[in-house]
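Chain identifiers are assigned alphabetically (A, B, ...) following the order of the sequence lines, protein sequences preceding nucleic acid strands; residue numbering begins at 1 within each chain. Because only heavy atoms are used, hydrogens play no part in the values below, and waters and symmetry mates are left out as well, while side chains stay in.
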Number of protein chains: 2
Amino acid sequence: MSAVTSPLAWEHVQPAAARRLLTGAIDAFAERGFQATTTRDIATRAGMSPAALYVHYPSKERLLFEISLYGHRAALEILTAANDGGSPADRLRAMVSAFTSWHAEHHTIARVVQYELAALSPEHFAEVATIRRAISTLIEQVLTDGVTNGTFKVDDLPGTTLAVLSLSIDVARWYDPTRHPAAEPLGTLYADLAHRMVQA
Amino acid sequence: MSAVTSPLAWEHVQPAAARRLLTGAIDAFAERGFQATTTRDIATRAGMSPAALYVHYPSKERLLFEISLYGHRAALEILTAANDGGSPADRLRAMVSAFTSWHAEHHTIARVVQYELAALSPEHFAEVATIRRAISTLIEQVLTDGVTNGTFKVDDLPGTTLAVLSLSIDVARWYDPTRHPAAEPLGTLYADLAHRMVQA
DNA sequence: CGCGTTGCTAAGCGCTTGCTTAGCTTCGCG
DNA sequence: CGCGAAGCTAAGCAAGCGCTTAGCAACGCG
């Protein structure tokens, strides 16, 4: 586990059977998507009968929500930590690097977080949407700060904010640890690319 | 329909009922995903009974393949057209602009093209993968040309190629015509961002 | 010990899925 | 007019779905 990305430990999920179901669901949702994953598949991955799932979670959707919520919170946390101190350029580079590395290192959870939003209930979607707006605001603010002190040149602020985030998020779509570089060098490359996009 | 993006007409799909099924399937797959879309839903959108679908297509997967194949071909075509003539910078800007605009303007098909690959049969996937490699090669070549003539500075060629493509592709994920700028200005913004990423 | 709680399984319910079958109508064409 | 092809529908099949029910073993605690 790298230093720049949060450990994403699941120890807080108790008991162990509930944790096995959750991590099994992450793998299944990431591989096949939420709709194509069956509760029987999740239960089998956790080494249980299908009915045991409902002892720990009231529905398949709830399992998705727990994963999505925890994943969004983890992503916001590593961004917030990276935003601490330094010039706008330093903060932008640290945030893009951390956010990119996180999407590479945790690409299974990241895939669920980024591509299964439509499967959430309206109420659950609203809850993670709040976190998504906070993430977006962090990037927009550092770009604003850089423009204000003259180190950045940004023509379209919302458009560029979206582009910077988009670049990191799409890593979850294509990243394959067997075929691509380690997460940390990728983060450095993307920090460089994002910095160039906004440099004055 | 803008000048930089191909018209994406479906007139070649005959008879009209087959075309209605295909366009209905695009909308349904883009909205809900392949797995969550039922053949009954597709048939209803085309104004027919569920069985009528099988008069024109042998399976739901085949419908996806026809959409995916045509979409990939259209994307490759507009990229190839934009690659014609000028400096590496001109060609890169033209390709990124066209590719981005295409993903925004045709974001429903683009969503199917980019996010439903896993639902294709292995044989059908192999066929579109060939087109995807051709797309990637076009971008890699223009970056190579720019590095060679000294107008670009690229540290990691495959990584930067992927990043440039990634930036445009992710547009399909978030683009909403009711909330975002028109496709053509977006293409111009992204051409600028991509150019800055590689400028010497 | 007695007994409620926790965690699990076997069985299965009601429903929906992709797709098939049988049969009807419409049409072009000799 | 006769007839095969094309295009469609009503009905339904086998399989698989999310989830429920009934019941059992293990455990903590008075």
>> Would you say that H180(B) contacts L162(A) through its side chain, given a criterion of any heavy-atom pair below 4.5 Å between the two side chains?
In response: yes
> Tell me, which of residues 49-62 of chain B have any heavy atom that sits under 4.0 Å from an atom in DNA chain C?
Replying inline: A51(B), Y54(B), S59(B), K60(B)
> Of all heavy-atom pairs between R132(A) and R173(B), which one has the smallest distance, and what is that distance?
Replying inline: NH2-NH1, 3.6 Å
>> In this structure, how many angstroms lie between the P atom of dT16(C) and the CD atom of Q35(B), rounded?
In response: 19 Å
> Which pair of heavy atoms, one from G159(A) and one from Y190(B), lies closest together, and at what distance?
Replying inline: O-OH, 4.5 Å
> Within a radius of less than 6.0 Å around CG of D176(B), do more than 12 heavy atoms belonging to other residues, nucleotides or ligands occur?
Replying inline: yes
>> How close do A194(A) and V96(A) get, counting heavy atoms only, and between which atoms?
In response: CB-CG2, 3.8 Å
> Which nucleotide span of DNA chain D, 5' end to 3' end, has atoms closer than 4.0 Å to non-hydrogen atoms of chain B?
Replying inline: dG7(D) to dG12(D)
> Among H107(A), H106(A), H103(A), E105(A), whose side chain to side chain contact (heavy atoms under 4.5 Å, CB included) with Y175(A) holds?
Replying inline: H107(A)
>> Using a strict threshold of under 4.0 Å (side-chain N to carboxylate O), is an ion pair present between E66(A) and R62(A)?
In response: yes
> Should the ring pair F65(B) and H124(B) be called parallel, tilted or perpendicular, given that the plane angle runs from 0 to 90° and is split at 30 and 60?
Replying inline: parallel
